[in-house]
Each structure stands twice: as structure tokens, then as C-alpha cells.
There are 2 protein chains.
Amino acid sequence: MTIAAPTGSSRDLPHPQRAEIRLEAVLHALSDPLRLQVVRELAADGDELSCSHFDLPVTKSTTTHHFRVLREAGVIRQIYRGTAKMNGLRRDDLDGLFPGLLDSVLAAAARQAVRLGSR
Amino acid sequence: MTIAAPTGSSRDLPHPQRAEIRLEAVLHALSDPLRLQVVRELAADGDELSCSHFDLPVTKSTTTHHFRVLREAGVIRQIYRGTAKMNGLRRDDLDGLFPGLLDSVLAAAARQAVRLGSR
DNA sequence: CGACTCGTACGATAGGCATCGTATTACGGT
DNA sequence: ACCGTAATACGATGCCTATCGTACGAGTCG
């Protein structure tokens, strides 16, 4: 065990395995407007985005908290890339576990955004 | 306006109109295991069910609370029918607002039920 | 090295919520 | 008219959570 850091970074974050992801936790994670917005942007971009890319109307502490909720629910995957932390949707795992769910939620969110003030 | 009670009952419950239903509220309502279970049974039955039909591991007070959350989120419709209160899924409204969402969630719940101890 | 940036950790706080128990109201039947 | 049943209302309680502020740790670049 002399080797501590497998991939080069000394920091690594706990992610639930695919089989550990619970539907209720996913729904709960998505039921917050801030977090749903983050997920929508991640899905729209399709790639990894840094935490600082998002311009959320809360402090950095709160932002960290929301990202952790999403990660612990299994919705996103976070990895450190130098000084930034990159966030990516776990689309493969979610689609594998709950086919169509993520797309339905994203479509619903998009529809509602149009229905309300859009923006 | 001499007629007060349209359908015969003096009690009526506040329901959000279709346009008032918010995705976040729906997701939050479905993120509770008890409530998700109720919605699954309602969807399986396809018809209206009385509150007392459900055998939830909580007291009646708590049951009332959960049904109210579902109703106020716009997930179910409740009407008094004599001494019982019948509950029905607002499938038409939900499908109209968020096509495919409800079915995805139900399918996801069914899959997870099989994946875990089923029952 | 030193300074700056990104994000975490920890504490504190206030509000929400799931839960209960008990008292109360509304209907239906005897 | 009376009782039983279905469900609500209300108050209490303890937990969860969204939010903040400040202090700290890890990397990057001058």
C-alpha cells in the first residue's frame, strides 16, 4: 500500500456505484430548482463543466453543497482536474438503471421553462 | 348562486390548476418512498382508490399529510364520496404538461423494485 | 517562495418536513 | 337520535436541508 494515489490526484470523491443509486434520491436531487438547473446545463453541454462555470445565485459553500447532493445521489460524476473540479452527468448509469427517465425530466424542465417566463 | 354545493358534497379540496403544476413540486412529491408507493398503486389500479385502501406503515395523520402533499403538487385528485375520500392520478394533466414523465418514473420504480428485494 | 484561485470543511441558523397523539368534524347505518 | 367509521386539524417534536460566513487545503503561476 505504498501507492496511495492511483490516477495521480491525491483527492478523490466518493461516488455511489451504479447498483447503489436509488430512484428516490435521484428524484429528490432533481427536485431542487438550483440543482435541476445545473443538470440541465450539464445535459445541454454534453461534456464536463467546472463548478465555477455555473453562475448560481448562492455562495460558494452552498454551491459545493448542491454539487455534493447531486454526486451522492449518483446524478453527476466529479473529478479533480488540477485546480478545477469537473462535473459530468452520469448519463450511462442513469439510462441503464432508469431508461428514459432523465430525458423525460429534461424535456419536462425545458417545457416548463418555455411555459413560464422561459428566459 | 343559491346553489352552493355543485356536486352534492359540502367539502371540497384545493387542487392546483393544470397550469399551476410545477415540475419541482412533482419530483419532490415522488421522492418520498411512501408517496411513490401510493402513486404506483394508483397507477396500477387505474381507478380511484380510497385513502383507507392503502396499508401504509404510518399513522392516519401522517397518511393524510402525504396525500395532501401529492394533491397540492398536482399529482393526484381527491374527492369526497360519502364518508370516504377517493384518490385518482391526474394522469391527463401530468401527461399534458410533461409527456412521458410519469411513465418513466413508474417504469423506473418498477425496475428498482425488481432490482432490490422486489415484493 | 509567495500570492492568487478554486473548492472544502466546519460551525451556525433558520425553515421545512415526516412523524406522532389527541381532539374534532362529516357521513352512514341502526 | 345515536354510535361507529373515515378523515382532518392542530400542536409538538426531532430530523433534514438550504443557506451563510469564515477559515483552511490544494494547485497554478508569477
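We name chains A, B, ... by the order of the sequence lines, and we start the count at 1 in each one.
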*How would you label the contact of A:Thr64 with the nucleic acid (heavy atoms, under 4.0 Å): base, sugar-phosphate, or nothing?*
base
_Distance alone, cut at 3.5 Å: any donor-acceptor contact between the side chains of B:Thr59 and B:Thr62?_
yes
*Quick one: label A:Arg81 by what it contacts on the DNA or RNA (base, sugar-phosphate, nothing), any heavy atom closer than 4.0 Å.*
nothing
*Kindly say if B:Ser61 contacts the phosphate of C:dC20, meaning a side-chain N or O under 4.0 Å from OP1 or OP2.*
no
*CD of B:Gln17: more than 12 outside heavy atoms within 6.0 angstrom?*
no
*Are B:Val58 and B:His65 side-chain neighbours, meaning at least one heavy-atom pair lies under 4.5 Å?*
no
*What is the distance from CZ of A:Phe54 to P of C:dC6, rounded to the nearest Å?*
15 Å
_Regarding A:Thr62, tell me which of base, sugar-phosphate or nothing describes its non-hydrogen contacts under 4.0 Å with the strands shown._
base
*For C:dA9, does OP1 or OP2 lie under 4.0 Å from any side-chain N or O of A:Arg68?*
yes
*Using a cut-off of strictly less than 4.0 Å, decide whether B:His66 has a side-chain nitrogen or oxygen near OP1 or OP2 of C:dT19.*
yes
_Distance in angstrom units between B:His53 NE2 and D:dA7 C1', rounded_ = 17 Å
*Specify the separation, in whole Å, of atom CD1 of A:Ile79 and atom C1' of D:dG27.*
16 Å
*asked:* If I take atom OH in residue A:Tyr80 and atom P in nucleotide C:dC6, what distance separates them, rounded to the nearest angstrom?
replied: 14 Å
_Rounded to whole Å, please give me the gap between CG in A:Asp32 and C1' in C:dG16._
13 Å
*Could you tell me whether the side chain of A:Val39 reaches within less than 4.5 Å of the side chain of A:Leu106, counting heavy atoms only?*
yes
*asked:* If I take atom NZ in residue B:Lys60 and atom C1' in nucleotide D:dC10, what distance separates them, rounded to the nearest angstrom?
replied: 16 Å
_Separation of atom CD in B:Glu72 from atom P in C:dA18, rounded to whole Å_ = 12 Å
*Provide, to the nearest angstrom, the distance between the CE atom belonging to B:Met86 and the C1' atom belonging to C:dC27.*
15 Å
*Look at the side-chain N and O atoms of A:His65 and state whether any lies under 4.0 Å from the OP1 or OP2 oxygen of C:dA9.*
no
_Heavy-atom pair with the smallest gap, counting every atom of B:Gln78 and B:His15_ = N-NE2, 2.8 Å
*asked:* Does D:dC20 have its OP1 or OP2 closer than 4.0 Å to a side-chain nitrogen or oxygen of A:Thr59?
replied: yes
*Please determine if a side-chain N or O atom of A:Thr63 lies less than 4.0 Å away from the OP1 or OP2 oxygen of C:dG7.*
no
